[in-house]
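The structure under discussion appears below in the form of structure tokens.
Heavy-atom basis, side chains included; hydrogens, waters and symmetry copies ignored. Chain identifiers are assigned alphabetically (A, B, ...) following the order of the sequence lines, protein sequences preceding nucleic acid strands; residue numbering begins at 1 within each chain.
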Amino acid sequence: MVTIYDGKPGLSRRELLKRGGIGALLVISGSAVISPEHAWGLETSALKPETMATLIQMARDIYPHDQVPDKYYAIAVKGHDEQAGKDAAYKTMIEDGIADLDKKSGDGGYRGLGWEEQRVAVLKQIEATPFFQAIRGGLVVSLYNQKEVWPIFGYEGESFSKGGYIARGFNDIEWL
Amino acid sequence: MATAFDLNNDGVVVIIGSGAGGGTLGNELAQKGVDVVILEAGARHEYEEFVNDEWDSFTQLAWKDKRTTSGDWRVAKDFPNLPAWIVKSVGGSTTHWAGASLRFQEHEFKTLSTYGKLEGANLLDWPITLAEMEPYYAKAEAKMGVTGTNDWPRLPGNNNFKVLKAGADKLGYKECHTGNMAINSVERDDRLSCQQTGFCFQGCKWGAKWSTLYTEIPKGEATGHLEVRPNAMAIKINHDASGKVTGVVYADKDGKLQEQKARIVAVAGNSIESPRLLLNSSSGKFPDGLANSSGQVGKNYMRHTTGSVYAIFDKPVHMYRGTTMAGIIRDEARHDPSRGFVGGYEFETLSLGLPFMAAFLDPGAWGRSFTTALDHYDHMAGLWIVGEDMPRAENRITLHADMMDEHGMPIADVHFDDHPNDTAMRNHAYKQASALYAAVGATRTFPTPPYPSTHNLGTNRMSEKAADGVVNKHGQTHDIKNLFVSDGSQFTTGAAENPTLTIVSLAIRQADYIAAQMSAKTI
Ligand SMILES: Cc1cc2nc3c(=O)[nH]c(=O)nc-3n(C[C@H](O)[C@H](O)[C@H](O)COP(=O)(O)OP(=O)(O)OC[C@H]3O[C@@H](n4cnc5c(N)ncnc54)[C@H](O)[C@@H]3O)c2cc1C
Ligand code: SF4
């Protein structure tokens with residue numbers, strides 16, 4: 001089971017400092033990935049929380065949208081934890097895939113690479129693997145199909161209940 | 001309660017599929033007092049149940065049974081098990097369709113004579129002419145409420161159309177308007193007019209867009225002569241020793257096999273399923289499948305030369321508001337080989353919501369080049385290219401050698417290679433569309449590859465001679481008098497226009513023929 005919880009992650013700033021987590025975007029605590037800045041956390045049950053943190057970074061590097069907070073990338077990849085809980089072979093594919101990604105990234109691992117270009121260069125090396133394809137293929141639906149991200153892109157979604165756009169700007173373009 | 005016919009009633013006409021072809025034929029026959037059973041593989045969802053959500057709607061309505069693909073088309077790589085984006089539901093793909101309803105041009109019924117022999121293309125003239133089709137086109141337009149005909153006004157243009165029109169004007173295109181759409185521009189036929197909700201591809205929740213689901217089918221049912229049996233997947237058509245078809249074996253909602261006896265069988269499962277069913281009905285007498293003495297069943301699969309062009313502007317567009325196919329440019333639809341290809345194409349506005357845009361803009365792509373396109377989703381305009389593609393014998397539907405569906409019926413494999421003419425046409429259209437958007441100030445354009453096929457045609461084609469095709473000019477199979485084909489698989493060639501108006505017109509015409517033959521007791 002994966003739970004994403006909003007609100008205080010339950011770690012004080014001091015505790016975070018102690019864990020050496022400050023400065024990093026995501027913090028691993030027990031079985032959870034925590035975003036202290038944005039007060040949300042993701043608990044994993046099948047995958048290692050470090051794996052989940054790397055998946056979140058990887059998701060952002062595959063479909064980078066600087067205006068989309070990490071939380072939505074976390075929601076987009078949490079299905080892999082659920083799948084890994086049901087399917088041992090799947091779990092191995094993900095864990096091995098991430099381990100391989102870390103190995104290819106040098107000492108600090110994938111998340112240790114500071115620039116997106118550096119991480120993308122590593123992703124390019126594994127682009128053809130079933131692991132990468134599974135992550136990217138799932139993500140194109142699980143990221144963009146979240147109703148909460150649509151407004152960020154200016155997509156208004158469902159319109160029937162509002163009476164369509166007949167009186168809400170279907171032809172309001174002014175700059176032509 | 002709608003009528004229910006007995007399985008052993010061998011006086012009924014059994015139609016397979018309730019979409020544009022089957023739904024129309026069923027109602028037309030019922031209106032003439034002929035008893036009809038429509039077997040429909042999908043469930044029945046009335047329009048109130050449709051959802052304004054791309055993936056949820058896809059899950060509700062689309063044909064998702066596994067198919068395989070081969071060939072050099074990009075769909076085979078990006079969507080290997082989804083060659084076509086069509087529907088499995090009562091109403092068929094007329095639930096999903098956009099509503100563009102165009103007549104073919106005269107020369108498009110005579111492609112072999114007009115274009116001449118083309119290497120690698122299996123061109124053939126239709127056994128009918130535009131003049132013969134005109135009265136039926138008129139009937140279909142009246143039935144469907146096509147805008148710009150019968151004094152019905154055209155729809156108002158939305159933002160996406162306005163961008164298209166501005167570009168068309170700059171490029172000097174002359175014939176650009178909001179189309180001939182089977183969408184009510186005024187209240188008629190007890191249905192509302194278009195509310196510009198922008199989810200035409202997800203089924204029109206207002207019922208403003210014509211679909212057999214809430215026009216032909218209830219009208220037919222009201223006569224007491226039509227039964228639509230949902231969740232009934234036809235698997236095999238049976239015949240007697242003389243070669244006449246006698247009934248249809250189908251899997252019912254519980255997966256149990258039933259046989260509905262029939263006086264006449266009409267196949268209208270769309271151009272992948274119709275040949276699949278004929279091929280799967282092979283027997284000792286017809287070892288290559290029913291109506292296949294010509295060997296043409298499943299061949300000449302066409303999907304229109306398509307592609308999209310999306311463009312980003314420095315100011316907002318909100319293309320997704322209002323009708324999905326909100327306008328058309330027809331200037332390139334002419335046959336003019338000086339452009340480097342035969343036949344022509346149409347430009348029609350198109351918009352996808354964010355979820356589908358992400359999936360279809362450049363399937364498989366990732367990284368900033370891709371995501372910066374989506375970042376400007378609300379600044380995007382878009383159009384779809386639909387042009388005539390070349391029939392090729394190798395482009396075909398076959399039964400998979402070892403993969404079966406849940407009923408033990410071999411699944412369909414769809415093979416497609418572009419003809420060089422298709423590629424030349426698509427490239428021409430990409431160039432024109434990019435220039436069009438650049439003329440209105442686009443900062444970036446995206447020549448977007450074809451989606452899984454929404455137009456599927458030609459796999460049981462119509463021909464004058466029995467050796468060249470599967471059916472005659474009435475959609476009656478050359479080989480079996482009481483077996484008909486009633487969908488787009490009859491098309492001899494594809495023309496530049498969206499196919500449904502022609503499918504509906506042919507179904508109206510076929511109903512006249514079937515009823516006359518029944519009265520004359522020739523079938
Ligand atoms: C997104 C989209 C947009 C489109 N826009 C346009 C447009 O603007 N203009 C236009 O002209 N066309 C458009 N089309 C195409 C149009 O929908 C089709 O051309 C038309 O519906 C085809 O009619 P048909 O009768 O051949 O098949 P369909 O309408 O697809 O109906 C076939 C039916 O048969 C059923 N069936 C199949 N096999 C079996 C079986 N073995 N047993 C029982 N039932 C079976 C299916 O479930 C289905 O319901 C669009 C299509 C899509 C998907
Ligand atoms: S835009 Fe018009 S036709 Fe399309 S779904 Fe909405 S009301 Fe129906």
So for [X], is it side chain, backbone, both, or neither that comes closer than 4.5 Å to the heavy atoms of chain B?
X: A:Glu156; value: both
X: A:Leu176; value: side chain
X: A:Gln67; value: side chain
X: A:Lys162; value: neither
X: A:Gln146; value: neither
X: A:Leu139; value: neither

Do B:Tyr310 and B:Phe446 make the cut of ring centroids closer than 6.0 angstrom?
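Ring-ring flag for B:Tyr310/B:Phe446: false, centres at least 6.0 Å apart.
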Indicate, with yes or no, if the rings of B:Phe360 and B:Phe79 have centres closer together than 6.0 Å.
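Yes, the ring of B:Phe360 comes within the 6.0 Å limit of the ring of B:Phe79, centre to centre.
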Would [X] and [Y] count as having a side-chain donor-acceptor pair, cut-off 3.5 Å?
X: B:Asn159; Y: A:Asn171; value: no
X: B:Tyr320; Y: A:Ser159; value: no
X: B:Thr147; Y: B:Arg154; value: no

Intermediate values then yes/no, side chain to side chain donor-acceptor pair (under 3.5 Å), A:Asp61 and A:Tyr110:
CA-CA 11 Å; A:Asp61 294 333; A:Tyr110 183 75; 2.6 Å; yes
For B:Phe199 and B:Trp206, what are the C-alpha separation, side-chain angles and deciding distance, and is it a ring-ring contact (aromatic ring centres under 6.0 Å, His included)?
CA-CA 10 Å; B:Phe199 283 89; B:Trp206 304 95; over 10 Å; no
Counting heavy-atom pairs under 4.5 Å with chain B, which one of [options] comes out on top?
options: A:Val68, A:Leu123, A:Leu143, A:Ile152; value: A:Leu123
options: A:Glu174, A:Glu127, A:Lys147; value: A:Glu127
options: A:Arg168, A:Glu116, A:Gln133; value: A:Glu116
options: A:Tyr144, A:Trp150, A:Phe170; value: A:Phe170

Scan A:Glu82, A:Glu95, A:Gln83 and name whichever one has a side-chain contact (heavy atoms from CB on, under 4.5 Å) with A:Tyr90.
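Answer after filtering A:Glu82, A:Glu95, A:Gln83: A:Gln83.
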Heavy-atom pairs under 4.5 Å with chain A are the metric here; pick the option from [options] that has the most.
options: B:Leu374, B:Asp56, B:Asp375; result: B:Asp375
options: B:Cys194, B:Gly157, B:Ala359, B:Gly441; result: B:Gly157
options: B:Pro355, B:Pro156, B:Gly322; result: B:Pro355
options: B:Thr371, B:Thr323, B:Val317, B:Val163; result: B:Thr371
options: B:Arg368, B:Met319, B:Lys162, B:His379; result: B:Arg368

Atom of B:Thr324, atom of B:Ser351 and distance for their closest heavy-atom approach
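B:Thr324 and B:Ser351 have their closest heavy atoms at CG2-O, 3.6 Å.
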Which heavy atom of B:Ala435 sits nearest to which heavy atom of B:Leu171, and what is that distance?
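In terms of heavy atoms, the two residues are closest at O-CD1, 3.8 Å.
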Chain A heavy atoms under 4.5 Å from [X]: which part of the residue, side chain, backbone, both or neither?
X: B:Val51; value: neither
X: B:Ala166; value: side chain
X: B:Ala365; value: backbone
X: B:Phe313; value: side chain

Validate the cation-pi geometry between B:Lys205 and A:Phe160: distance from NZ or CZ to the six-membered ring centre under 6.0 Å, angle to the ring axis within 45°.
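Yes, a cation-pi geometry.
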Would you find more than 12 non-hydrogen atoms of other residues, nucleotides or ligands less than 6.0 Å from B:Lys64 atom NZ?
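Yes, enclosed.
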